[in-house]
Amino acid sequence: MVRVLAALLALAALLLAAPVLAQSGRTYCVGGYDGTPPNVLAACNQPAIRQMHRQWHAHTYVTDGNGCSLCYDEKDDTCETVFLATHPNYRAIDKYDCARLGESHRAGDLVAHVIDGKSVAPPPPPPAVQLEARVERITPGPYTTGDKLSVVGAVRDDKGALRGIAGGTFRITDSKGQSTDVRGTVQPDGTVAAEFVLPSTDQARIEFIPDKPPLAPGETLRAAASEAQSLKVELCGFRARLVQPAVGETLVSGQSALLRATLFDAAGKVPVQGAPAGLSLTFTVQVEGEPAQTLVADQEQSASWTPPASPQPRQARISVGGRVGERVVCPAGEVTTTVSDLGLGFDTSELPRTCYVGLPCKGTVVLRRPREAGAERQRVDALLMDPGVRVRMVDTGEERYSGPPRTDDRYEFLATYDKPKSASWSLVLQTPRGPIEMPEHEVQVRPQLMLEVPAELDFGTVRAGTSVTEACQRLDFSHSRGAEEHFLALRVEGLGNCQSRPVLHFLNALNQADMRDLEPASDTRALLDPRDLRLDICLEVPRCAGEVSPESAVLRVVPLTSEFKAQEKTVRLRWKVEGRGFLGCHGAWVWPSLALLGFGVMLAGFTQPARFPPGASIRVAGSERGIRQASAILLQGCPGSGAGFYRDARLGLHGDGELNGRTRNAVIILRATRGAGVVLTGTGPLEQQDRRTLKWEPVADLAAGHVPSPSVLYRAGGTYFKVEL
């Protein structure tokens with residue numbers, strides 16, 4: 001560390017004295033990195049090193065057997081033709097093989113930095129830098145529910161320089177607080193782009209959540225997510241479509257260009273004849289590398305715009321929207337054009353981003369001239385007919401073509417590479433007015449896909465009702481080549497009437513456990529982690545029934561890369577589900593239900609029996625005259641008057657006039673009831689006195705239960721009593 005710091009300090013004076021500008025030749029840099037390829041912070045890509053080189057790209061990973069380093073060159077193959085050729089102890093290695101070796105944490109370790117054959121001292125330590133996630137761009141509005149919008153996010157330092165990241169997620173939150181996460185795709189320039197459909201809401205917020213990049217010493221990430229961007233979502237009354245300029249048209253810098261729009265209905269299908277009263281349209285123009293610009297349309301729905309100076313061709317995005325009174329006019333998409341000083345542009349849409357070792361790698365660049373006949377077109381035509389104009393096609397420092405411009409304006413790159421690398425294609429027009437260069441187009445040359453997977457996955461015997469995460473097998477791709485960088489469709493077929501279903505168990509973009517079906521109707525795209533080339537295939541089994549997998553049950557692994565469709569593999573699936581008996585299957589609810597039922601029975605046994613009313617009483621005497629002086633006895637106050645388990649409260653009136661809870665040999669039994677309050681039962685005899693005649697009459701319904709009247713005097717042998725309720 002001391003040696004490195006001393007070298008860094010020595011270079012500081014050199015950098016302050018004069019910048020070093022690299023020339024073509026023996027120029028390269030080899031150094032360590034932090035992170036996991038391809039998301040790395042490389043020693044050779046620090047700002048202090050990058051500023052010494054006009055062109056700089058990560059060419060290939062190299063190893064000396066002890067660890068991996070990353071070699072950068074100026075898009076001229078010197079990592080291979082010079083460094084590897086003169087350092088036999090190093091060899092090229094694939095980035096995913098480096099990922100499997102583990103993170104090296106060597107972003108401060110420079111192995112070699114050579115410019116024109118001369119070693120350059122390491123740069124000084126970088127100053128403290130704060131990184132910030134940003135929502136860089138959203139499709140211009142106005143917006144309405146259901147619109148398909150594109151959004152771009154990035155991570156930049158405090159000077160605006162892009163920091164490479166492995167990916168990111170956009171979070172769209174509606175006015176109710178419900179969020180949807182959309183995974184973005186890394187673009188060649190290092191930004192992350194995604195498309196999403198506006199939800200049904202009146203307001204939406206968009207945040208960019210980047211995959212955290214590896215941080216150098218002194219670097220910090222200001223926040224895990226970007227500042228939220230708000231969108232107002234309104235009801236779209238019309239659509240405005242840009243009709244001039246056309247898609248792909250080239251515009252000349254400094255020459256006024258007409259922007260013209262046409263109005264359609266809200267669906268964007270039926271043209272609107274005549275401008276509605278109160279129509280106000282605005283054009284939004286954004287040239288690459290410059291802030292967006294707005295232009296107000298005139299009554300003819302057009303505006304004049306002068307493209308800025310562009311020595312080299314740049315893209316410009318143009319859209320149009322506005323209002324008609326209270327209704328909004330939504331854009332019907334964006335138009336992408338090219339702006340350049342000469343009116344020349346390069347259409348690179350036919351160039352590949354990835355090619356494969358041993359397979360032809362080809363693509364075509366189309367030179368775009370101004371479409372409309374006029375002075376600009378005549379000037380471009382004359383320039384391309386000038387005998388002094390030469391066209392050079394360069395592939396990673398190697399000239400593939402040099403000659404006059406072609407009459408059809410089409411230039412085809414064709415190469416076959418014998419090893420993985422980062423190739424760089426460029427097209428340069430050498431003109432008397434100076435060179436016109438196509439932006440460098442990087443092509444990643446990757447190994448051919450070779451799939452090797454197990455012939456079968458045997459889940460063995462699984463008991464019915466087993467959790468899905470407990471019945472899993474690993475689909476191992478570790479013997480494959482290149483599987484980690486291809487999307488694969490996993491399809492289960494031939495299940496017949498089976499209740500069991502194989503599913504894919506994985507961690508989603510939010511690092512949460514998730515599952516997806518693998519049946520034919522739903523293709524599953526799985527991108528393998530290069531550090532663990534295995535996927536968990538789990539079995540959802542029936543809750544109770546047993547079954548055996550059919551002979552036709554298979555898992556098909558289908559590459560979605562067109563060049564490797566023939567690498568499709570078939571994996572036999574086997575399992576046996578052991579069924580469970582009634583209690584074994586339904587015990588989870590049967591036993592609790594029985595316990596609950598028993599508790600209910602017990603509870604009812606104590607709560608359902610009738611109890612004597614609180615005020616019910618009885619007067620007892622040995623004669624009719626004695627009743628008048630007898631005191632009332634509360635039934636609830638008598639010994640044994642409480643209710644029992646499923647037994648109504650009852651008291652026994654004995655021949656000696658005693659009243660207690662013993663009912664055996666009692667003359668009369670007083671029993672509590674829910675309806676009548678108290679009933680009299682027993683074997684008798686029991687008589688009641690007629691209040692008018694004062695005669696004694698037998699009680700006929702004693703056996704069934706006689707409801708006593710409060711004003712009636714009863715006699716049982718020599719015992720007289722009255723019941724008062």
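Counting all heavy atoms, side chain and backbone alike, F459 lies closest to I537 at CE2-O, 3.3 Å. Annotation for P142 and V328: closest pair CB-CB, 4.0 Å, computed over non-hydrogen atoms. Shortest non-hydrogen contact noted between P140 and R137 is CD-NH2, 4.0 Å. Residues A672 and R611 come closest through the heavy atom pair CB-C, 3.5 Å. When all heavy atoms of R531 and R100 are compared, the closest pair comes out as CA-CG, 4.2 Å. Of all the heavy atoms in F208 and P210, the pair that sits closest is O-CD, 3.5 Å.
Among pairs with a residue in residues 626-650, those fulfilling ring-ring contact (aromatic ring centres under 6.0 Å, His included) read F606-F645, at least two apart in sequence or across chains. For residues 538-549, there are no salt bridge (charged side-chain N to carboxylate O under 4.0 Å, His left out) pairs, not counting sequence neighbours. Pairs passing the side chain to side chain donor-acceptor pair (under 3.5 Å) check and including a residue from residues 223-236, sequence neighbours excluded, read E234-R323. A ring-ring contact (aromatic ring centres under 6.0 Å, His included) check over residues 460-480, counting only residues at least two apart or in different chains, returns nothing. The list of side chain to side chain donor-acceptor pair (under 3.5 Å) pairs with a residue in residues 626-638, not counting sequence neighbours, is empty. Among residue pairs with one or both ends in residues 694-721, those qualifying as side chain to side chain donor-acceptor pair (under 3.5 Å) are E687-R715, R691-S711, D701-H706, H706-Y714; sequence neighbours excluded.
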Give the C-alpha distance, both sets of side-chain angles, the deciding distance and a yes or no for salt bridge (charged side-chain N to carboxylate O under 4.0 Å, His left out) between R474 and D536. CA-CA 5 Å; R474 291 286 180 88; D536 286 330; 2.3 Å; yes
Does the salt bridge (charged side-chain N to carboxylate O under 4.0 Å, His left out) test come out yes or no for K576 and E578, once each step is laid out? CA-CA 6 Å; K576 180 181 179 180; E578 189 178 73; over 6 Å; no
Applying side chain to side chain contact (heavy atoms under 4.5 Å, CB included) to V577 and R463, what does each step give before you reach the verdict? CA-CA 5 Å; V577 179; R463 186 168 182 176; over 6 Å; no
Pair E219, R163 - check salt bridge (charged side-chain N to carboxylate O under 4.0 Å, His left out), show working. CA-CA 11 Å; E219 287 186 338; R163 165 56 55 85; 2.6 Å; yes
Tell me, with the steps shown, if T185 and V192 meet side chain to side chain contact (heavy atoms under 4.5 Å, CB included). CA-CA 5 Å; T185 303; V192 176; 5.9 Å; no
Applying side chain to side chain contact (heavy atoms under 4.5 Å, CB included) to L475 and V557, what does each step give before you reach the verdict? CA-CA 10 Å; L475 183 61; V557 184; 4.2 Å; yes
Full working for side chain to side chain contact (heavy atoms under 4.5 Å, CB included) between L680 and F721: CA-CA 12 Å; L680 306 178; F721 66 91; 4.0 Å; yes
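Residue I627 holds its CD1 atom at 7.5 Å from NZ of K722, rounded to the nearest 0.5 Å. The CE atom of M602 sits 12.0 Å away from the CG atom of L597 when rounded to the nearest 0.5 Å. In this structure, the separation between CG on L653 and CD1 on I669 is 10.5 Å, given to the nearest 0.5 Å. Going from atom OG1 of T663 over to atom CD1 of I668 covers 12.5 Å, rounded to the nearest 0.5 Å. Annotation: the span from L488 atom CG to L451 atom CG amounts to 6.0 Å, rounded to 0.5 Å. In this structure, the separation between CG on L694 and CD on Q689 is 5.0 Å, given to the nearest 0.5 Å.
Within the 4.5 Å cutoff, the side chain of L495 has no heavy atoms near those of the S552 side chain. The closest side-chain heavy-atom distance from V468 to V503 is below 4.5 Å. No side-chain heavy atom of V554 sits less than 4.5 Å from a side-chain heavy atom of V571. By the 4.5 Å heavy-atom criterion applied to side chains, E624 and L713 are counted as neighbours. Side-chain contact between F196 and D181: absent, with no pair of heavy atoms (C-beta onward) separated by less than 4.5 Å. S179 is not listed as a side-chain neighbour of I172, based on a closest heavy-atom distance of 4.5 Å or more. The shortest distance between side-chain heavy atoms of C330 and Y143 does not fall below 4.5 Å. Contact check for D476 versus V453: no side-chain heavy atoms found under the 4.5 Å cut-off.
A side-chain N or O of S150 and one of T139 form a donor-acceptor pair less than 3.5 Å apart. R183 and T169 form a side-chain donor-acceptor contact under 3.5 Å, judged by distance and modelled atom types alone. A donor-acceptor pair shorter than 3.5 Å can be found between the side chains of T570 and R556.
With S500 contributing its side chain and V541 its backbone, the two residues share no donor-acceptor pair below 3.5 Å. Formation of a donor-acceptor pair under 3.5 Å by the S319 side chain with backbone atoms of G333 is not found in this model. Side-chain atoms of T673 come within 3.5 Å of backbone atoms of G677 as a donor-acceptor pair (strictly under, hydrogens ignored). The backbone N or O of V462 sits nowhere less than 3.5 Å from a side-chain atom of T466 that would complete a donor-acceptor pair. For the pair S623 (side chain) and G626 (backbone), a donor-acceptor distance under 3.5 Å is present.
Using a 4.0 Å cut-off between charged nitrogen and carboxylate oxygen, E551 and R572 count as a salt-bridge pair. At a threshold of 4.0 Å, the pair K176-D174 does not count as salt-bridged, since none of the basic side-chain nitrogens sits closer than that to a carboxylate oxygen. At a threshold of 4.0 Å, the pair R671-D648 counts as salt-bridged, since one of the basic side-chain nitrogens sits closer than that to a carboxylate oxygen. The pair R239-D147 meets the salt-bridge criterion, with a side-chain N (NZ, NE, NH1 or NH2) lying under 4.0 Å from an Asp/Glu carboxylate O.
Other residues, nucleotides and ligands contribute over 12 non-hydrogen atoms within 6.0 Å of the NZ atom of K565. Crowding of N665 atom CG: a count of heavy atoms from other residues, nucleotides or ligands under 6.0 Å not exceeding 12.
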